[in-house]
Amino acid sequence: MPWITRDTMSLKEEFVALARQPGSNKRELCRRFGISPQTAYKWIERYEAQGQSGLQEKSRRPATSPKLTPAALEAQVIALRQAYPAWGGRTISSLLERRIAPSTVTNVLHRHGLIQPSQKEQAATLRFEHDAPNDLWQMDFKGHFALQQGRCHPLTLLDDHSRFSLAIQACDNERGATVKEKMIEVFQRYGLPARINVDNGPPWGSPRNPGEITELSIWLIRLGIRISFSRPRHPQTNGKLERFHRSLKAEVLNGRHFSTLMDAQSAFDQWREVYNLQRPHQALGYKVPMDRYRSSPWAYPQQLSDFEYGPDDVLAKVYHSRFRFQKRYFSIAKGLVGQHIAIRPNAESDGLFDVYFCHHFLRTFDVNTPDYGA
């Protein structure tokens with residue numbers, strides 16, 4: 001994968017962080033990031049000897065010398081708040097290694113007029129996260145907004161366990177082909193997840209028929225990825241991504257205008273680096289997402305392999321949004337035209353059958369109630 005000049009520094013930091021995780025496959029990471037093993041080990045050695053200064057001329061992290069005077073520490077608090085207006089007392093305190101209490105940070109911000117009145121978010125009564133990185137990714141568009149030239153549709157992917165931002169892509173549309181192109185870039189760098197959760201809208205679903213799969217979803221299923229759909233009108237199903245979107249809006253989009261997609265992408269790249277590598281998260285015990293993320297062991301295949309159904313499955317081929325079984329016709333997602341599906345007896349009731357595409361459950365139908373007649 002070619003390196004992008006504008007975010008080479010952040011990619012270096014990502015690579016080194018992933019490579020230093022216990023049990024990491026450094027050779028595979030080199031392949032995914034498009035660098036030689038010699039370059040990779042040079043970066044790792046420099047980082048271990050000099051820290052971030054080994055990767056860049058000047059560290060972007062705040063100074064952490066214990067000899068700082070209270071005035072200098074207060075100046076750091078002000079500088080962080082001015083750079084990241086949405087960061088509160090606990091986040092800034094954690095980033096400054098708790099050399100200043102969260103309440104003191106809040107007092108400093110109040111004294112300098114850096115706290116704006118806002119509604120307090122209601123605390124979640126139930127939190128859930130998957131056990132390991134890449135168990136579940138959440139994916140969606142963060143709305144869209146006007147540019148001086150066209151519109152920007154930010155495509156976001158977030159790892160559920162670590163809250164690691166896998167991508168914030170500035171797209172000019174929300175078509176399936178565009179999403180597929182961007183997802184291939186992510187898969188090539190980080191590997192494949194076990195499951196992806198999306199909403200019921202295009203390009204991955206159908207709002208009129210919740211759970212119906214599209215050509216994009218079919219491609220993901222053929223990669224071996226399990227697809228799940230949020231409950232209609234329940235955005236909290238992708239709650240972590242919704243929270244991520246609020247941060248993106250508050251810290252990047254509010255009060256700013258971009259001329260082109262490239263301008264928006266540059267802002268997304270800069271903020272994503274801070275979000276993944278520098279910003280402590282309360283829900284992570286004030287660790288940063290990179291502390292908990294690991295690249296996936298499942299590499300993106302260069303070619304899709306054929307799926308093998310079980311010996312007891314009855315196979316049918318999809319034609320024009322329907323398939324034929326026992327001389328009767330039943331409805332199925334139109335994106336499956338030309339694909340083979342498996343029909344299996346339902347374990348709970350005679351006359352009912354379950355339909356699968358690869359590993360993905362599609363529907364249950366009653367053989368005595370065809371959708372199109374005999």
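Everything numeric here is computed off the predicted structure, so don't read it as measured data.
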Regarding [X] and [Y], does a basic nitrogen lie under 4.0 Å from an acidic carboxylate oxygen?
X	Y	value
Glu215	Lys180	no
Arg151	Glu174	no
Glu185	Arg189	no

According to side-chain contact (heavy atoms from CB on, under 4.5 Å), who are the partners of [X], at least two apart in sequence or on a separate chain?
X	value
Asp263	Phe258, Ser259, Thr260
Pro280	Thr91, Ser94, Leu95, Tyr286
Ala79	none
Ala40	Phe15, Cys30, Ile35

Item to complete: Give every residue pair that meets the side-chain hydrogen bond (donor to acceptor under 3.5 Å, both in side chains) criterion with at least one member in residues 311-322, sequence neighbours excluded.
Response: Asp313-Arg344
Fill in: Contact list for residues 302-311, test side-chain hydrogen bond (donor to acceptor under 3.5 Å, both in side chains), sequence neighbours left out
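Of all non-adjacent pairs touching residues 302-311, none passes side-chain hydrogen bond (donor to acceptor under 3.5 Å, both in side chains).
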Worksheet entry | Qualifying residues under side-chain hydrogen bond (donor to acceptor under 3.5 Å, both in side chains), relative to Glu45, sequence neighbours excluded | none
Practice prompt. Tell me, please, which residues at least two apart from Asp159 pass side-chain hydrogen bond (donor to acceptor under 3.5 Å, both in side chains).
Written response: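 Scan of Asp159 (side-chain hydrogen bond (donor to acceptor under 3.5 Å, both in side chains), adjacent residues dropped) gives Ser162.
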Check [X] against [Y] and note the closest heavy-atom contact, atom names and distance.
X	Y	answer
Lys240	Gln138	N-OE1, 3.7 Å
Arg292	Pro133	O-CG, 3.2 Å
His359	Ile225	NE2-O, 3.1 Å
Cys152	Pro154	O-CD, 3.5 Å
Leu158	Arg163	CD1-O, 3.3 Å
Ala299	Leu192	O-CD1, 3.8 Å

Worksheet item: Should Phe353 and Thr364 count as side-chain neighbours, where that means a heavy-atom distance under 4.5 Å?
Response: no
Worksheet item: What pairs with Asp172 under salt bridge (charged side-chain N to carboxylate O under 4.0 Å, His left out), at least two apart in sequence or on another chain?
Response: none
Practice prompt. Report the residues that fulfil salt bridge (charged side-chain N to carboxylate O under 4.0 Å, His left out) with Arg363, sequence neighbours left out, ordered by chain and then residue number.
Written response: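 Residues passing salt bridge (charged side-chain N to carboxylate O under 4.0 Å, His left out) with Arg363: Asp371.
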Discussion item. Tell me if the NZ atom of Lys182 is crowded by more than 12 foreign heavy atoms within 6.0 Å.
Written reply: yes
Item to complete: For the pair Glu28 and Arg32, evaluate salt bridge (charged side-chain N to carboxylate O under 4.0 Å, His left out) and give the outcome as yes or no after the intermediate values.
Response: CA-CA 6 Å; Glu28 176 65 17; Arg32 293 181 183 178; 3.0 Å; yes
Item to complete: Go through the structure and list residues passing ring-ring contact (aromatic ring centres under 6.0 Å, His included) with Phe244, not counting sequence neighbours.
Response: Trp271, Tyr275
Worksheet item: Within 45° of the ring axis of Tyr372 and under 6.0 Å from its six-membered ring centre, is that where the NZ or CZ of Arg328 lies?
Response: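 Here Arg328 fails the 6.0 Å and 45° test against Tyr372.
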Worksheet item: Are the ring centres of Phe307 and Tyr356 closer than 6.0 Å?
Response: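 Ring centres of Tyr356 and Phe307 not closer than 6.0 Å.
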Item to complete: Would you list the pairs meeting salt bridge (charged side-chain N to carboxylate O under 4.0 Å, His left out) in which at least one residue belongs to residues 346-360, sequence neighbours left out?
Response: none
